[in-house]
Amino acid sequence: MTERSRLIQEIAGRWLADGTVEAVVGWEQGTYRDKTAPVIIRRPEEAQRLVFNERCTNNLVAYLKREPLKSMAAVGIVAKGCDIKSLIGLIQESQVAREKVKILAVTCPGVRDARGAVPIKCQACDVNTPALFDELVGEKIEARPDPQARSRSLSELEAMSPQERFRFWRKEFDKCIRCYACRQACQLCICIRCIAEKNQPQWIETSPHPRGNFAWNLIRAYHLAGRCVECEACEAACPVNIPLMLLNRKMADEVKHLFGYEAGRDPAVQPPLRTFQLDDDNSFIL
Amino acid sequence: MVEAAQEREPATGQQGWEPRIVAFICNWCTYTGADLAGTSRLKYPPHVRVIKIPCTGRFDPLFMIKAFEKGADGVLVSGCHPGDCHYTAGNYNARRKFAVFRTLLGWAGVDLDRVWFSWISAAEGVKWVDTITRFTEVIRQKGPFAGYREMMDD
């Protein structure tokens, strides 16, 4: 067992034993050797199930939005730096109260995706050692983000003409089966009733037809603009491998360019589409 | 099938096709400006379908997507100049929405010349006429919005 796993077990067990939290959400060993699974533990002796390794890819913050954790007075969560960014997003939008969450942060050198590759979020990571936490586990890791990792993924689309891009997205969105796994996996998809569920009137066609698929995927990307922290949960969850992060990264870049804003950094500020400046860019408006 | 359809040049000379422009305009400034163009008996192409919204702050990108789904070849969104919003700050919020969604549309492969934004005040009947005239001509040159036309079946 690694040192991180041991410390996580110790702290989670202590929190549960002395009533600091009602439950702790973390990762445990999954069904196969290379898999982990989310687990919600409530008794101190269950803390032995918790692990941390490079397969702890999933972002567990999504569980804080849902029952049973949502109603609990205090909840513990084992979290990497990227997970904490999404928690900051939820705190900004008053979806989770900071004082109710006990953050058991872990320093993280990077995880592996389901195919064993290093996710782009890890290549670009600068939160290896989280800044927001209640307890921090693991030796300090110097952040060494690859500044090109994100832009490299966008460069192919940047180089295309609009027609080629439309063809690209038409091909990708044709695969969409409207399972909404992306929405369910997303930490920042918080609407009690999603716009896709609205049928009086219906704005987004629900059939897995190109029209509705375009509308769904574009609107989800738009609703996440300035809010997505690029945890890549959506792309990992998509059963038909639509490169959703190519939309979300582009929007994040644009929001940075237009408003100087990065999501998931400061719990005290508002996301950019909730505010405005008197001198916002006007150049494209006649 | 999708690839073959996308390669076709837009049928600008297609018999019977005329540009379909949808304009989402705010009740207080641009709608009044368009009304002024009318009372002044200014002439401009009749291809625009006006949809009045109370304020550009009400504008939602879904409106634009719906317009394209229903057959619009170009969409204009227009409202009060910054500082003149009847609801004080609606157009400031809209300005940010416009900027972000416009980039997203461009990234999705929509020709951004089919998506125009403008500030047209209640006194600017001439600007309304100029904008609509130019926009209609631009869309006429470009032809129908092929990408969305292909998705119109079913």
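Every heavy atom of this structure was used, including side-chain atoms; hydrogens, water molecules and symmetry mates were not. Below, read A as the first sequence line, B as the second, and so on, with proteins coming before strands; counting in each chain starts at 1.
When every heavy atom of B:G106 is checked against every heavy atom of A:R165, the shortest pair comes out as O-NE, 3.1 Å. A:L246 and B:W107 get closest at one heavy-atom pair: O-NE1, 2.9 Å. In terms of heavy atoms, B:K127 sits closest to A:L286 at NZ-O, 3.3 Å. In terms of heavy atoms, B:A108 sits closest to A:L218 at CB-CD2, 3.7 Å.
Side-chain contact annotation: A:N282 with B:W119, donor-acceptor N/O pair under 3.5 Å present.
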Begin with the C-alpha distance, continue with both residues' side-chain angles, and end with the deciding distance and a verdict on side-chain contact (heavy atoms from CB on, under 4.5 Å) for A:W203 and B:D60.
CA-CA 11 Å; A:W203 283 103; B:D60 188 311; over 6 Å; no

Report the C-alpha separation of A:K250 and B:L104 in whole Å, then their side-chain angles, then the decisive distance to 0.1 Å, and conclude whether the side-chain contact (heavy atoms from CB on, under 4.5 Å) test is met.
CA-CA 8 Å; A:K250 178 65 178 176; B:L104 180 59; over 6 Å; no

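Atom OH of B:Y148 is separated from atom CZ of A:R170 by 10.5 Å, given to the nearest 0.5 angstrom. Taking CZ of A:R211 as the reference point, atom CD of B:E69 lies at 6.5 Å (rounded to 0.5 Å). Taking CD of B:E150 as the reference point, atom CZ of A:R167 lies at 10.5 Å (rounded to 0.5 Å).
Side-chain atoms of B:W116 do not come within 3.5 Å of backbone N or O of A:I285 as any donor-acceptor pair.
Of all residues in residues 185-199 of chain A, those placing a non-hydrogen atom less than 4.5 angstrom from a non-hydrogen atom of chain B are A:I195.
With respect to chain A, the highest number of heavy-atom pairs below 4.5 Å among B:I120, B:D111, B:N93, B:T103 belongs to B:T103.
For the pair B:R95 and A:F276, the cation does not sit on the ring face, since its NZ or CZ is not both under 6.0 Å from the ring centre and inside 45° of the axis.
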